[in-house]
A.B. asks: 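Okay, handing you the structure first.
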Amino acid sequence: MSGWVAVAGLGPGAEDLVTPEVRAALAEATDVVGYIPYVARVAPRAGLRLHASDNRVELDRALHALEMAREGRRVVIVSSGDPGVFAMASAVFERLETAPDFAGTEIRILPGITAMLAAAARAGAPLGHDFCAINLSDNLKPFDLVEHRLRHAARGDFAMAFYNPRSKSRPHQFARVLEVLREECGPDRLIIFARAVSTPDEALQVVTLAEAAPEMADMRTVVLVGNSQTRRVGDWVYTPRGTSVAGAAG
């Protein structure tokens, strides 16, 4: 029997935001591999083995999946959101590059709804024009590189989405991020704190950079920053699709 590896995104949290393609792969799977809280989202069933592991062992997790696929097993590696956005898809290919014996393995990448897009939809359309996503964690890159990219994104007038803004191990770095944003964007730029979107713990705050505080973010929060044209309309926040005036046809 031919095995395969599917790298799947489970979406931001709600079960109805898991795609039919991912559900079908999970229904076929013999094994599910992933970070502990993501594997916990997969319902147990007869014949399905769940392999949960801790954070920061992504390459070991990828190798384990490839080894099981070579044995003929059908393996789904689960990530939250989309597996190609700061998640396991890249780790699988990184491991594949260093382990050419697995080059013939069938690999499928199954997209999911990202946390930043779910958060943007809750707020309105703050990512409606050019935007970028930045992982604020310094686990895999130095913080000075985070700050360098942040400044250039702000100077380019991108809307921005930030993942992993603030954790117990690095509670002070997000304060620096807010300082940089105020320096580059001014105090009136809109910033959105979207916590645990699509789950019962969901909370959304829209403030200006002058009002923003580090304590508004944690590891379950996606932070969205508008560009210079981002504005409110009623209860919504949106970024126009260019520099044209409001109400222009398109």
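Residue indices begin at 1 and follow the sequence shown.
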A.B. asks: Nearest 0.5 Å please: distance from the CH2 atom of Trp4 over to the CD1 atom of Ile107.
C.D. replies: 12.5 Å
A.B. asks: For the residue pair Ile109 and Pro111, what are the closest heavy atoms and their distance?
C.D. replies: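 Closest approach of Ile109 to Pro111: O-CD, 3.6 Å.
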A.B. asks: Tell me, do Tyr35 and Met88 make a side-chain contact under 4.5 Å, heavy atoms counted?
C.D. replies: no
A.B. asks: So, for Val75 and Met68, which heavy atoms are closest and what is the spacing to 0.1 Å?
C.D. replies: CG2-CB, 3.8 Å
A.B. asks: Which pair of non-hydrogen atoms, one from Phe86 and one from Ala133, has the smallest distance, and what is that distance?
C.D. replies: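 Heavy-atom minimum between the residues: CZ-O, 3.9 Å.
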A.B. asks: Are the side chains of Ser198 and Arg122 in touch, meaning some heavy atoms are under 4.5 Å apart?
C.D. replies: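 Yes, side chains in contact.
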A.B. asks: Do NZ/NE/NH1/NH2 and the carboxylate oxygens of Glu67 and Arg70 come within less than 4.0 Å?
C.D. replies: no
A.B. asks: Grab the two heavy atoms, one from Asp82 and one from Ala87, that are nearest each other, plus how far apart they are.
C.D. replies: O-CB, 3.7 Å
A.B. asks: Atom NZ in Lys141, atom CZ in Arg149: separation rounded to 0.5 Å?
C.D. replies: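 CZ of Arg149 is found 6.0 Å from NZ of Lys141.
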A.B. asks: If you look at every heavy atom in Val146 and Asn135, which pair is closest and at what distance?
C.D. replies: CG2-O, 4.1 Å
A.B. asks: Within this structure, what is the CG-CZ distance for the pair Leu117 and Phe131, rounded to the nearest 0.5 Å?
C.D. replies: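 Answer rounded to 0.5 Å: 6.0 Å.
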A.B. asks: Check Arg189 with Glu184, please: is the shortest side-chain N to carboxylate O separation under 4.0 Å?
C.D. replies: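 Judged by the 4.0 Å cut-off on N to carboxylate O distance, Glu184 and Arg189 do not form a salt bridge.
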A.B. asks: Write down the atom of Pro126, the atom of Leu224, and the distance for their closest heavy-atom approach.
C.D. replies: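 The answer is CG-CD1, 3.8 Å.
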A.B. asks: From Leu17 CG over to Leu10 CG, what is the distance, rounded to the nearest 0.5 angstrom?
C.D. replies: 11.0 Å
A.B. asks: Could you state the interatomic distance from CD (Gln229) to OH (Tyr238), rounded to the nearest 0.5 Å?
C.D. replies: 9.0 Å
A.B. asks: If you count the non-hydrogen atoms of other residues, nucleotides and ligands that lie under 6.0 Å from CD in Glu97, is the total more than 12?
C.D. replies: no
A.B. asks: What distance separates Glu211 CD from Leu178 CG, expressed to the nearest 0.5 Å?
C.D. replies: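 Here the rounded value is 12.5 Å.
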A.B. asks: For residues Asn164 and Met219, determine if any side-chain heavy atom of one lies less than 4.5 Å from a side-chain heavy atom of the other.
C.D. replies: yes
A.B. asks: Taking the side chain as every heavy atom from C-beta outward, state whether Arg166 and Glu215 have any atom pair closer than 4.5 Å.
C.D. replies: yes
A.B. asks: More than 12 heavy atoms of other residues, nucleotides or ligands under 6.0 Å from CZ of Arg23: yes or no?
C.D. replies: yes
A.B. asks: Indicate yes or no: at least one non-hydrogen side-chain atom of Arg41 is less than 4.5 angstrom from one of Val18.
C.D. replies: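 When only atoms from C-beta onward are counted, Val18 and Arg41 do touch, with a gap below 4.5 Å.
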A.B. asks: Check the surroundings of atom CZ in Arg56: do more than 12 heavy atoms from other residues, nucleotides or ligands lie under 6.0 Å from it?
C.D. replies: no
A.B. asks: Is any side-chain heavy atom of Met216 closer than 4.5 Å to a side-chain heavy atom of Thr221?
C.D. replies: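 Answer no - side chains too far apart.
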A.B. asks: One pair to check against salt bridge (Lys or Arg N to Asp or Glu O under 4.0 Å): Arg176 and Glu179. What are the steps and the verdict?
C.D. replies: CA-CA 5 Å; Arg176 178 58 184 159; Glu179 289 176 5; 2.9 Å; yes
A.B. asks: I'd like to check His152 versus Phe158 (side-chain heavy atoms, cut-off strictly below 4.5 Å). Are they in contact?
C.D. replies: no
A.B. asks: More than 12 non-hydrogen atoms from neighbouring residues, nucleotides or ligands closer than 6.0 Å to CG on Asp235, yes or no?
C.D. replies: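 Counting neighbours around CG of Asp235, 12 or fewer heavy atoms of other residues, nucleotides or ligands fall under 6.0 Å, so no.
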A.B. asks: Side chains of Val177 and Phe143: does their closest heavy-atom pair fall under 4.5 Å?
C.D. replies: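 In contact.
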A.B. asks: For atom CD1 of Ile36, decide whether the heavy atoms of other residues, nucleotides or ligands shown that lie under 6.0 angstrom number more than 12.
C.D. replies: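 Yes, CD1 of Ile36 has more than 12 neighbouring heavy atoms, counting only those of other groups under 6.0 Å.
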